[in-house]
There are 2 protein chains.
Amino acid sequence: MDPHLLRTYVTVVRLASFSEAARDLGYTQSAVSQHIAALESDLGLPLLTRRPVAPTPAGERLLEHAGALLLRLDAARADLERFTAAPRTTLDVAASPLALTARTVAALPATGVTLHALPRERVPVAVATGEADAGLVDGIAAPSDPLRLPDVAPLSATAVAEEPLAVVLPDHHPLAGRPGLRLDDLVDARWLDAPAAGVPLDRLRAVHGGPAGRGFRPGLRYDGTDTRTLAVLAAAGRGLALLPLSAAQGVPGATAVSLVAPRLVHRTELLVPAGAHPEATGPVAEFAGRLKR
Amino acid sequence: MDPHLLRTYVTVVRLASFSEAARDLGYTQSAVSQHIAALESDLGLPLLTRRPVAPTPAGERLLEHAGALLLRLDAARADLERFTAAPRTTLDVAASPLALTARTVAALPATGVTLHALPRERVPVAVATGEADAGLVDGIAAPSDPLRLPDVAPLSATAVAEEPLAVVLPDHHPLAGRPGLRLDDLVDARWLDAPAAGVPLDRLRAVHGGPAGRGFRPGLRYDGTDTRTLAVLAAAGRGLALLPLSAAQGVPGATAVSLVAPRLVHRTELLVPAGAHPEATGPVAEFAGRLKR
DNA sequence: GGAGCGACATAAGCGTCCGTGATGGCGAGT
DNA sequence: ACTCGCCATCACGGACGCTTATGTCGCTCC
């Protein structure tokens, strides 16, 4: 299970072709074929169907492991390179859409900043692999419980903002008048599925813990990142949305009712490589310092 | 960053010797020396001091990454081997001490069971690497929030028991009469540090979120796994202990007061490899089925 | 239905890299 | 100062991996 072999394996699966993968990796087709053969003989089972080229069930499993492994390998290399690299003068920040608020943006240094807008799950990856010097991720969690992030590498997370959650309903919705809502009241409702702009529904499903049969039916799916659009969709009755309170307010036709049970908050966290090389100075420290104040 | 090189690297660090590592790995000393040299030249910085052999700061970082990487590699191999291996007839269960209760033990099949008592953090590792077919881990978390486990491999976790938490105090303690306790009332108290038997203090520290200055000073450290002993120590005034309510009761001289804030529970979860090869039958399924009932 | 073509498998050749054994340098203990 | 233990370096032999070339299979086109 040489990383080289794994790298070609994932490339072959991604491109669904040995020859394409060979071109992509700068190998000959023969080499790719031998790589796959080596993996299959090492593990003792077929990983791919040929014609069409697609992973077998075992291959699917390997794909998960290989992805994590290669990611971690990149992260390790990036982490070690920080020891030798020249101190950064510019700052690359990876951020999920909802993590960018007036407050967090204000903390960015005036110059030399590149902002990478990424989906939530890519932010830790970007920081780990060194594509970004710091990350801002948002998500929901129990109060004073850190966000649940994939641990691709040792990262240190510190909360920089915390806000109540609100359910966005059309004004005329029967529940719109309530002072607060319980999630249990809403299990049978139709929800907007907006992984990029809103709060991910699968997280709610996990919190609720109920069987897959009931609860949190996705309705319209929205893959944009604009919260205002999401609120507009909710106002139009296309489904409910869950947003941080401040983002949920101020849209005509939409009412935001805060969520009271389960006790969850929308939190934004700053992500930096852990065990930080004592960078008491530099753009990252400057940014972190301003955020904590 | 070949895994072979990483494996030699961690071995060298563990044994603090090139020659010992060579013997351990079945290489010559020369090969080990070259492995380390290759790593160092690849990464462009020294990883070890020689005489004595010890990791540099950069080497320490690499060690973390290498450990995770090699673990994940073993997990991947073990996971893939499940596809080819013969269906299990016996059952190996890894369990943290507090996860073993009358209820969980009763769910074990009558015969063919090997029980591995492991510290909490080793349980997921054992399941991932195939040393165990299933795991039982306990820990504390917010209600209806999964336990926070290191993700060495895709594992599926399902709650099998949940219990309130209790603080164990000497009978004569000023707070012993209270109906319930808040953690905030106890930040300045002295705690028993019992990572194996009790609830880990560092988790509390994280939940409390306070600066390292205040809070949760460890007193006596107890590395045994017996909760009764822990309660006896608490009764003797050597420090407070946090235990699941049932384990905290019934020790003369000790009073158990349940914890009311923050809202945390002691939960035990069953761990099995995720994406399970549809084992509707077999010892693992039998065990899981009995636990869920 | 046969020829052609695209795509993966297999075979042979060759360079490179890896591990061995021998030797050298260096520090610590006697 | 000598010696022993330990790591570094060197030179060599073999194995492994990649390339070129060729084989085989399946699909498509006429």
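Within every chain, numbering begins at 1; the chains are lettered A, B, ... in the order of the sequence lines, protein sequences first and strands thereafter. What you see below is based on every heavy atom in this structure, not just the backbone, and it leaves out hydrogens, waters and symmetry mates.
Taking 3.5 Å as the limit, the base of D:dT9 and the side chain of B:Ser33 contain no donor-acceptor pair of atoms between them. The base of C:dG19 is not paired with the side chain of B:Ser30 by any donor and acceptor separated by under 3.5 Å. For a distance-only test at 3.5 Å, the side chain of B:Gln29 fails to qualify as a donor-acceptor partner of the base of C:dT20.
Panel note: side chain A:Glu131, backbone A:Val123; no donor-acceptor pair is recorded below 3.5 Å. For the pair A:Glu269 (side chain) and A:Pro146 (backbone), a donor-acceptor distance under 3.5 Å is absent.
Remark: C1' of C:dT20 and NE2 of B:His35 are 12 Å apart, rounded to the nearest angstrom. Taking atom CG of residue B:Asp2 and atom P of nucleotide D:dC16, one finds them 14 Å apart after rounding to whole Å. The distance between atom CG of A:Asp24 and atom C1' of C:dA7, rounded to the nearest whole Å, is 17 Å. When rounded to the nearest whole Å, the span between CG of B:Leu39 and P of C:dC17 equals 16 Å. Taking atom CD of residue A:Glu20 and atom C1' of nucleotide C:dC8, one finds them 14 Å apart after rounding to whole Å.
Shortest non-hydrogen contact noted between A:Ala128 and A:Arg82 is O-NH2, 4.0 Å.
No side-chain N or O of B:Thr56 forms a donor-acceptor pair with one of B:Glu60 less than 3.5 Å apart.
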Under the side-chain hydrogen bond (donor to acceptor under 3.5 Å, both in side chains) criterion, do B:Asp138 and B:Ser96 qualify, and how do the steps go?
CA-CA 7 Å; B:Asp138 72 293; B:Ser96 55; 2.6 Å; yes
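For the segment residues 5-19 of chain B, the set of residues with a heavy atom within less than 4.0 Å of an atom of DNA chain D comprises B:Ser17, B:Phe18, B:Ser19, in numerical order.
Residue A:His4 has no polar side-chain atom (N or O) positioned under 4.0 Å from OP1 or OP2 of D:dG17.
For the pair A:Arg7 and A:Asp74, the salt-bridge criterion is met [side-chain N within less than 4.0 Å of a carboxylate O].
Picking from D:dT20, C:dT20, C:dC8 the nucleotide with the shortest atom distance to the side chain of A:Val53 gives C:dC8.
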